[in-house]
There are 2 protein chains.
Amino acid sequence: MSVPVTIRDVARAANVSAATVSRTFVRPEIVDASTRERVLGAAARLDYRPNRAAQTLITGLTGNIGIVVPDLTNPFFPSVVRGVQNQAAELGYPALLVDTGEDADRESELVTRLARQVDGLVLCAARMSDQDLIAHQRQCPIVLINRQVPGLPAVTFDNEGGVRQEVTHLKALGHQRIGYVAGPGTSYSSRVRQRAVTAHLATAGLTEVPVGSFAPSFEGGRSAAEKVLLADITAVMVYNDVMALGLINQLAQYGISVPNDLTVIGFDDIEFASMSNPALTTVRIPREQAGAQAMSYLHALMTTTGSVPEPPAQLRTELIFRGTSVRAPLNQRSAE
Amino acid sequence: MSVPVTIRDVARAANVSAATVSRTFVRPEIVDASTRERVLGAAARLDYRPNRAAQTLITGLTGNIGIVVPDLTNPFFPSVVRGVQNQAAELGYPALLVDTGEDADRESELVTRLARQVDGLVLCAARMSDQDLIAHQRQCPIVLINRQVPGLPAVTFDNEGGVRQEVTHLKALGHQRIGYVAGPGTSYSSRVRQRAVTAHLATAGLTEVPVGSFAPSFEGGRSAAEKVLLADITAVMVYNDVMALGLINQLAQYGISVPNDLTVIGFDDIEFASMSNPALTTVRIPREQAGAQAMSYLHALMTTTGSVPEPPAQLRTELIFRGTSVRAPLNQRSAE
DNA sequence: TACAGTAATGATTACGTTTTCATCCAAGCG
DNA sequence: CGCTTGGATGAAAACGTAATCATTACTGTA
């Protein structure tokens with residue numbers, strides 16, 4: 001807006017060359033203490049701030065990182081974003097956040113556009129194809145969250161362990177016939193969880209009763225209600241919390257009360273899982289931690305030249321036993 | 001990463017000067033159709049994309065806009081952000097989103113840093129002082145959402161109208177003694193709503209029973225429960241939905257059932273207001289629309305030189321009558 | 001036919017930095 | 001005392017683009 005003060009203005013005020021001013025900021029240790037002080041003083045007095053565009057032009061570094069999420073209104077993502085942003089701030093990077101609206105093509109296009117304006121990218125639950133992802137990786141360092149692609153670094157959650165805990169929990173409560181309300185088959189974690197459910201129920205000697213695939217929304221959960229009612233089960237595991245809450249809500253319309261008439265378990269532990277009544281039994285996923293870890297690793301990728309650092313580990317999940325899961329009714333309880 | 005292709009590479013490939021290539025992109029109409037096609041072809045073949053930093057350096061325009069929010073995990077903001085981002089995308093701008101963590105100082109600092117990297121800024125529920133806000137305005141065009149400062153363009157909600165509808169609703173239901181659970185006094189909209197509550201209850205001839213100020217969180221709502229119980233009221237208006245849900249949750253611990261024993265009304269109409277059981281009666285605020293409108297106005301501000309366009313209007317609010325409000329018990333009903 | 005006017009293009013400069021290269025001076029050493 | 005070494009600094013080039021200015025060719029008119 002007002003008068004832009006450049007490095008030369010500072011140089012003139014401090015009675016040095018522009019190069020020295022630049023050095024004062026970039027590598028302070030190689031400029032004499034007295035001149036350094038003089039430059040810093042002049043810069044402060046003139047309220048000088050370096051022009052980012054000029055720096056970027058010559059160094060090739062933007063000093064920004066980018067975050068891409070499918071849908072900010074999905075309660076899963078804000079905490080991931082917060083984790084990334086906090087860590088990014090810690091490292092001195094502002095974070096460019098983009099919402100793709102769950103559209104794979106738009107996602108790919110936005111990543112292309114973003115790649116030029118950032119030094120690195122964190123992609124949450126990326127929807128695009130493996131090939132596209134790999135192609136983008138050559139434009140700019142990328143770290144994935146909650147998605148696995150061969151060759152790309154990723155922070156993932158131990159979905160499988162979470163499901164195992166769910167199954168153990170249900171078995172301990174004496175449930176035998178257990179329904180599973182799946183998310184969309186196009187979703188990576190939905191596929192992973194579905195597979196784990198089948199595997200663990202089998203090894204636990206329990207009966208899996210597939211209820212079907214539904215949209216990962218409150219409405220999606222609602223629309224699963226009738227099929228759940230017809231399934232002849234005492235407990236149901238749901239792909240995620242939002243769907244579980246929708247399911248419970250709709251079941252109430254049918255006069256079915258949770259947990260008295262049916263045990264329900266969600267997944268994710270979103271904020272509202274603990275606020276609903278009864279509070280939802282679910283599997284906690286360290287979302288904020290995932291964001292922070294992805295950012296840390298991205299930073300390592302961006303700074304270390306050549307040698308690739310240790311890839312991030314899989315994050316632990318944890319069953320949170322709350323109010324929507326209870327012991328199976330006596331007459332339908334499994335032998336223990 | 002790979003080989004950066006510059007405007008000169010395209011120029012050579014298309015057998016024209018760099019200037020012509022630039023013109024082809026910036027002002028296509030002034031270059032001959034045949035050469036234009038040749039340039040475009042060469043650019044596409046080489047996968048040329050202009051260097052944003054170089055453009056910024058010379059034009060002074062970044063092509064980005066910024067959004068600042070106090071807390072992304074607060075369900076109020078994601079939809080505002082989405083509104084801004086959609087509109088921004090429509091206008092061809094990527095949006096740089098920053099979360100300030102509810103910290104006024106950090107907010108101010110982030111705005112300063114951001115100002116250099118964007119062409120305009122949307123500030124949601126800004127926490128910093130009026131003076132700081134005004135100071136920042138000279139660095140970069142700013143549009144406020146949900147905050148009013150003399151001299152700054154702002155998109156605001158008709159809080160007052162919303163409160164009026166609440167009061168009318170409660171009066172129609174026959175309530176007489178009505179509690180108000182306020183938010184923090186430091187919050188702009190909290191102050192506005194508190195004032196409106198007092199005014200409208202008075203003109204409606206109803207009795208206001210102040211319950212006190214609490215944190216605008218689920219926990220804050222919970223901690224208001226005891227005072228609500230002691231207030232001898234049949235209905236309570238709460239500063240926002242999250243608090244209202246917390247209040248209802250804690251009341252249940254005391255054996256108080258909503259709406260049978262007490263009518264509760266929230267404010268904001270967050271997603272979960274309709275998902276809770278019973279669904280929350282509340283005042284809907286067009287958050288996404290606010291974001292879109294702020295972005296539109298910001299764009300107008302950025303493009304029109306000199307003459308200031310019409311400032312955005314106040315957005316209409318609407319009472320949503322759901323399950324937590326019912327007719328007052330007969331013995332305590334007001335004369336009608 | 002000559003000339004003004006205009007459309008299209010090329011050459012050049014400017015944007016604000018970082019970085020390379022050159023310069024200067026003082027200190028250390030034989 | 002002369003030469004080398006190295007630390008501190010300045011001069012200048014470079015980054016990739018947009019904009020200004022200059023040049024060319026062409027069109028229409030008197």
Side-chain angles (χ1 to χ4, degrees), chain A residues 1-43 46-64 113 115-119 139 305, chain B residues 1-43 46-64 113 115-117 119 139 303 305:
Chain A
M1 277 318 222
S2 49
V3 270
V5 29
T6 79
I7 204 171
R8 277 183 239 279
D9 299 325
V10 178
R12 201 172 320 117
N15 203 25
V16 294
S17 75
T20 299
V21 177
S22 173
R23 277 188 281 255
T24 303
F25 288 104
V26 183
R27 303 178 53 195
E29 68 278 7
I30 68 164
V31 14
D32 190 81
S34 69
T35 60
R36 191 194 317 155
E37 217 159 308
R38 199 147 32 95
V39 170
L40 256 23
L46 299 178
D47 192 29
Y48 164 76
R49 259 158 302 160
N51 180 315
R52 211 49 174 278
Q55 293 180 315
T56 299
L57 182 56
I58 193 160
T59 61
L61 264 32
T62 64
N64 295 324
R113 200 179 297 193
R116 303 290 302 250
Q117 305 189 50
V118 300
D119 298 338
Q139 304 186 9
T305 51
Chain B
M1 278 321 217
S2 50
V3 270
V5 30
T6 80
I7 206 172
R8 278 183 238 279
D9 299 326
V10 178
R12 202 171 319 117
N15 203 24
V16 295
S17 76
T20 299
V21 177
S22 173
R23 275 188 284 257
T24 305
F25 288 103
V26 182
R27 303 178 54 194
E29 69 277 7
I30 69 165
V31 14
D32 190 81
S34 68
T35 59
R36 191 193 319 154
E37 219 159 306
R38 196 147 35 92
V39 170
L40 257 24
L46 299 178
D47 192 28
Y48 164 76
R49 259 158 303 161
N51 181 314
R52 209 50 173 279
Q55 293 180 315
T56 299
L57 183 56
I58 194 162
T59 61
L61 265 32
T62 65
N64 296 324
R113 201 179 297 194
R116 303 289 301 250
Q117 306 189 51
D119 298 337
Q139 303 187 8
T303 51
T305 50

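Lettering of chains follows the sequences in order, A, B, ..., and the numbering in each one begins at 1.
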Visitor: Identify whether any heavy atom of A:Y48 sits under 4.0 Å from a base atom; if not, whether one sits that close to sugar-phosphate; answer base, sugar-phosphate or nothing.
Guide: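 If one applies the 4.0 Å heavy-atom cut-off, A:Y48 turns out to touch the sugar-phosphate alone, with no base involved.
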Visitor: For residues 9-16 of chain A, dump all side-chain donor-acceptor pairs below 3.5 Å to protein atoms at least two apart in sequence or in another chain.
Guide:
{"residue": "A:D9", "atom": "OD2", "partner": "A:T6", "partner atom": "N", "Å": "2.8"}

Visitor: Which of the following nucleotides, D:dG10, C:dT17, D:dA19, is nearest to the side chain of A:R8?
Guide: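 For A:R8, the side-chain atoms sit closest to C:dT17.
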Visitor: Looking only at N and O atoms, is any donor in the side chain of B:R23 or the base of C:dG10 less than 3.5 Å from an acceptor on the other one?
Guide: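 Per atom types, the contact qualifies.
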Visitor: Give the rounded distance in Å between these two atoms: CD1 of B:I58 and P of D:dA18.
Guide: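 B:I58 atom CD1 is separated from D:dA18 atom P by 7 Å.
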Visitor: Just checking A:S22: base, sugar-phosphate only, or nothing, at a heavy-atom cut-off of under 4.0 Å?
Guide: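 Base contact.
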Visitor: Could you check which of C:dG16, C:dG10, C:dT9 has an atom nearest any side-chain atom of A:L57?
Guide: C:dG16
Visitor: As a test of reading the structure: which of C:dT17, C:dA11, D:dA11 is closest to the side chain of A:N51, going by heavy atoms?
Guide: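 The nucleotide sitting nearest to the side chain is C:dT17.
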Visitor: Would you kindly give the CD1-to-P distance between A:I7 and C:dC15, to the nearest whole Å?
Guide: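 Rounding to the nearest Å, CD1 of A:I7 and P of C:dC15 are 14 Å apart.
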Visitor: Base, sugar-phosphate, or nothing: which does B:V21 touch, judged by heavy atoms less than 4.0 Å apart?
Guide: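 It contacts nothing in the nucleic acid.
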Visitor: Starting from C1' on C:dT9, measure out to CZ on B:R27 and report it in whole angstrom.
Guide: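 Distance check: B:R27 CZ to C:dT9 C1' gives 14 Å.
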Visitor: On DNA chain D, check which nucleotide each of A:I30 and B:V26 is closest to and give me the residue with the more 5' one.
Guide: A:I30
Visitor: From B:T24 OG1 over to B:E37 CD, what is the distance, rounded to the nearest 0.5 angstrom?
Guide: 11.5 Å
Visitor: Just the rounded figure in Å: distance from P of D:dG10 to CZ of A:R12.
Guide: 14 Å
Visitor: May I ask you to evaluate whether A:T6 reaches the phosphate of C:dG16, defined as a side-chain N or O under 4.0 Å from OP1 or OP2?
Guide: no
Visitor: Determine the contact category for B:T35: base if any of its heavy atoms lies under 4.0 Å from a base atom, sugar-phosphate if only primed atoms, P, OP1 or OP2 are that close, otherwise nothing.
Guide: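 Here B:T35 touches the backbone only, sparing every base.
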Visitor: Expressed as a whole number of angstroms, how long is the span from A:Q55:CD to C:dT19:P?
Guide: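 From A:Q55 CD to C:dT19 P: 10 Å.
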Visitor: Nearest of D:dT17, C:dA11, D:dA12 to any side-chain atom of B:P50?
Guide: D:dT17
Visitor: To the nearest Å, give me how far apart CZ (A:F25) and C1' (C:dG16) are.
Guide: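 That distance rounds to 14 Å.
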Visitor: Does B:T20 make a side-chain N or O approach to OP1 or OP2 of C:dG10 shorter than 4.0 Å?
Guide: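 Yes, such a contact exists.
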Visitor: Rounding to an integer number of Å, can you tell me how far B:R116 CZ sits from C:dC15 P?
Guide: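 In whole Å, C:dC15 P lies 15 Å from B:R116 CZ.
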Visitor: A side-chain contact here means heavy atoms from C-beta on lying under 4.5 Å apart; do B:Q117 and B:N64 qualify?
Guide: no
Visitor: Could you tell me if the side chain of A:N51 sits less than 4.5 Å from the side chain of B:R116, heavy atoms only?
Guide: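 Yes; the side chains approach each other to less than 4.5 Å.
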Visitor: Quick check: does any side chain N or O of B:T62 sit under 3.5 Å from a backbone N or O of B:T56, one acting as donor and the other as acceptor?
Guide: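 Not at all, since once roles are kept as given, no pair shorter than 3.5 Å links the two residues.
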Visitor: Distance check needed: D:dA25 P versus B:D32 CG, whole Å only.
Guide: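 Result: 15 Å.
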